[in-house]
Amino acid sequence: MDQFERPAEIRARFSKAMSDMYQQEVPLYGDLMDLVAEVNTQAMTEHPELRSQLEHTGELTRLDMERHGAIRVGTAEELATIRRLFAVMGMEPVGYYDLAPAGVPVHSTAFRALDSEALNISPFRVFTSLLRLELIEDKALRDKAAATLAERDIFTPRVRELIAQCEHDGGLSSEDSEAFVREALETFRWHQQSQVSAALYQELHDQHRLIADVVAFKGPHINHLTPRTLDIDAVQSGMSARGITPKAVVEGPPRRKCPILLRQTSFKALEESVHFTDAAGSHTARFGEIEQRGVALSAKGRALYDQLLNAAREEAGGAPTEANAQEYQAILSRHFAAFPDEYQTLREQGLAFFHYFVTDTGRAAGAQSGKTLDALLEAGLVAYEPLVYEDFLPVSAAGIFQSNLGDDGQKNYDGASNQAVFEQALGANVHDEMAMYAANQQRSIDACLQALNA
Ligand code: OOG
Ligand code: NI
């Protein structure tokens, strides 16, 4: 239906509006964006092969666009409506992340576009967490939190109408989609006015800082936005020079020749003044983050990653802290020496996913009868580039949460991970990211075979 705006277009516009709003709300984030742009330009000048790799996979044009943000919602109804809101922009829930074992009382998914074409138009995604009130042991406090959440509506009446209209008609006109972006933005805005008294805030905060962050405010303010960098270590060291305080450790795998999965770091959340219903106070919630993405790993590669990460953490005595940051990085690098660091080996050992394409030589050579993929690669008619990891990592996410929730003692929750309960709240199943990468790789292989074996 050509009178409808494309979801990817709405998403691109929304992502831009969100970025503008956040830069206004948190100016330090604008400084971070400048630094990232500088480092990316530098990295591509120093490594022209990086530029051509990004060109082949179509990622070059999306590099400067916003990558991801995060919100935390309080109820099943909020989560289900957020799902419908993101669906208007072609974003669907991918993956299930349980943060409880890492001491954060939430479980989460990431809303994002699914296929590479849509991702290249706008890669914007939102890591969305649902508070697990059932993990609050104190029943009276749990009831108070639930009652406070029941009173708020995080959506404007107009955005609810537009979501329903989009579901009914199958899309939004250009004019309606502009209204949608404007109205949807309201859900993510910062509110200086808290919904609760200073005393209740303190009670919630004492239970877990995150619970206060979700329950005490009118809406799920966007708590960070994250641009993608091609050299996270350069950004990490460049931050301090610009007066931005980075968290101590870069989360994820160590620095490598062939980046895998995802490395992340952030600057510490700012303390902001807020008004409780009966007093002035402050709250720490919002920060900026940077990510460097690498190749998506297969189940086998991911198992090796988890094994090495766990071994490193065990040796370091748990999650890294400010105090042992350097030692931790050294331990991590030592363990990860066991992870092959050549794309060819990663491919041969089935540790990672790749995007295959017909080379110029292949196109010139034309039809080859019945050659296998390996033979086509051998002959230089087909080549491959790493398929970028589009998702998140639970251990890293927990590290990002923790560093921005302050250093109060870490809680331990042993509530079993429950994807089924999450999906019920969501009103849908989450997509299986592993199956999506495998299908994506297979499509690229099929396209090569079809083009050359015709
Ligand atoms: C989300 C933290 C997780 C990431 O990049 O892993 C995250 C949050 O703090 O709400 O955004
Ligand atoms: Ni993040």
Side-chain angles (χ1 to χ4, degrees), residues 15 18-19 22 26 29 32-33 36 65-74 78-79 82 86 91 93-112 123-132 154 187-188 190 208-217 219-229 232 235-236 246-247 249-253 261-270 283-294 305 309 319-320 388-408 410-411 422 433:
S15 162
M18 183 87 106
S19 176
Y22 201 62
V26 184
Y29 174 67
L32 179 65
M33 297 248 301
V36 166
M65 288 190 262
E66 221 53 74
R67 304 302 292 223
H68 84 259
I71 56 166
R72 307 148 182 177
V73 299
E78 290 177 357
L79 182 67
I82 268 293
F86 285 135
M91 297 158 79
V94 180
Y96 171 73
Y97 304 89
D98 181 19
L99 282 296
V104 186
V106 302
H107 44 183
S108 321
T109 189
F111 288 94
R112 66 166 174 91
F124 184 62
R125 66 204 98 194
V126 180
F127 190 89
T128 303
S129 301
L130 173 65
L131 181 63
R132 296 178 69 185
I154 65 171
T187 296
F188 301 87
W190 172 247
H208 197 296
R209 220 189 249 246
L210 185 104
I211 299 175
D213 184 60
V214 176
V215 178
F217 295 91
H221 38 257
I222 183 90
N223 66 52
H224 67 280
L225 282 180
T226 308
R228 173 178 179 187
T229 177
I232 199 165
V235 179
Q236 174 87 349
K247 84 189 266 300
V249 209
V250 175
E251 298 290 339
L261 297 173
L262 175 63
R263 298 181 72 208
Q264 298 162 282
T265 181
S266 60
F267 67 73
K268 295 285 191 62
L270 311 169
H283 179 67
T284 316
R286 302 186 304 157
F287 56 98
E289 186 191 38
I290 327 125
E291 63 185 24
Q292 178 171 10
R293 292 187 172 265
Y305 172 80
L309 184 69
V388 67
Y389 186 61
E390 306 286 357
D391 295 287
F392 295 86
L393 298 169
V395 174
S396 300
I400 297 287
F401 267 107
Q402 295 295 3
S403 77
N404 286 288
L405 291 171
D407 303 318
D408 355 0
Q410 181 151 340
K411 304 244 182 347
F422 183 82
E433 69 275 21

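In listed order, ligands and their atoms are each counted from 1. Side chains included, hydrogens not; waters and symmetry mates left out as well; all remaining heavy atoms used. Everything numeric in this text was worked out from a predicted model, so none of it was measured.
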Charged tip of Arg293 within 45° of Phe392 ring normal and under 6.0 Å: yes
Is any side-chain N of the basic residue among Glu390 and Arg125 closer than 4.0 Å to the acidic one's carboxylate O? yes
Centroid separation His68 to Phe127 less than 6.0 Å: no
Before giving the answer on side chain to side chain donor-acceptor pair (under 3.5 Å), spell out for Gln236 and Thr265 the whole-Å C-alpha distance, their side-chain angles and the decisive distance to 0.1 Å. CA-CA 7 Å; Gln236 174 87 349; Thr265 181; 2.8 Å; yes
Suppose we call two aromatic rings close when their centres sit under 6.0 Å apart. Are Tyr22 and Trp190 close by that rule? no
So Phe217 and His283, do their side chains get closer than 4.5 Å, heavy atoms only? yes
Sorted by chain and number, the residues that approach ligand 1 to under 4.0 Å with a heavy atom: His68, Ala70, Arg72, Phe127, Asn223, His224, Gln264, Glu289, Phe392, Ala397, Phe401
Measure the spacing between CG of Asp213 and CG of Leu131 and express it to the nearest 0.5 Å. 10.0 Å
Pair Thr226, Glu291: side-chain N/O donor-acceptor within cut-off below 3.5 Å: no
Which of these, Asp391, Thr128, Val106, sits in a side chain to side chain contact (heavy atoms under 4.5 Å, CB included) with Tyr97? Asp391
What protein N/O/S atoms lie closer than 2.8 Å to the Ni ion (ligand 2)? His68 NE2, His224 NE2, Glu289 OE1
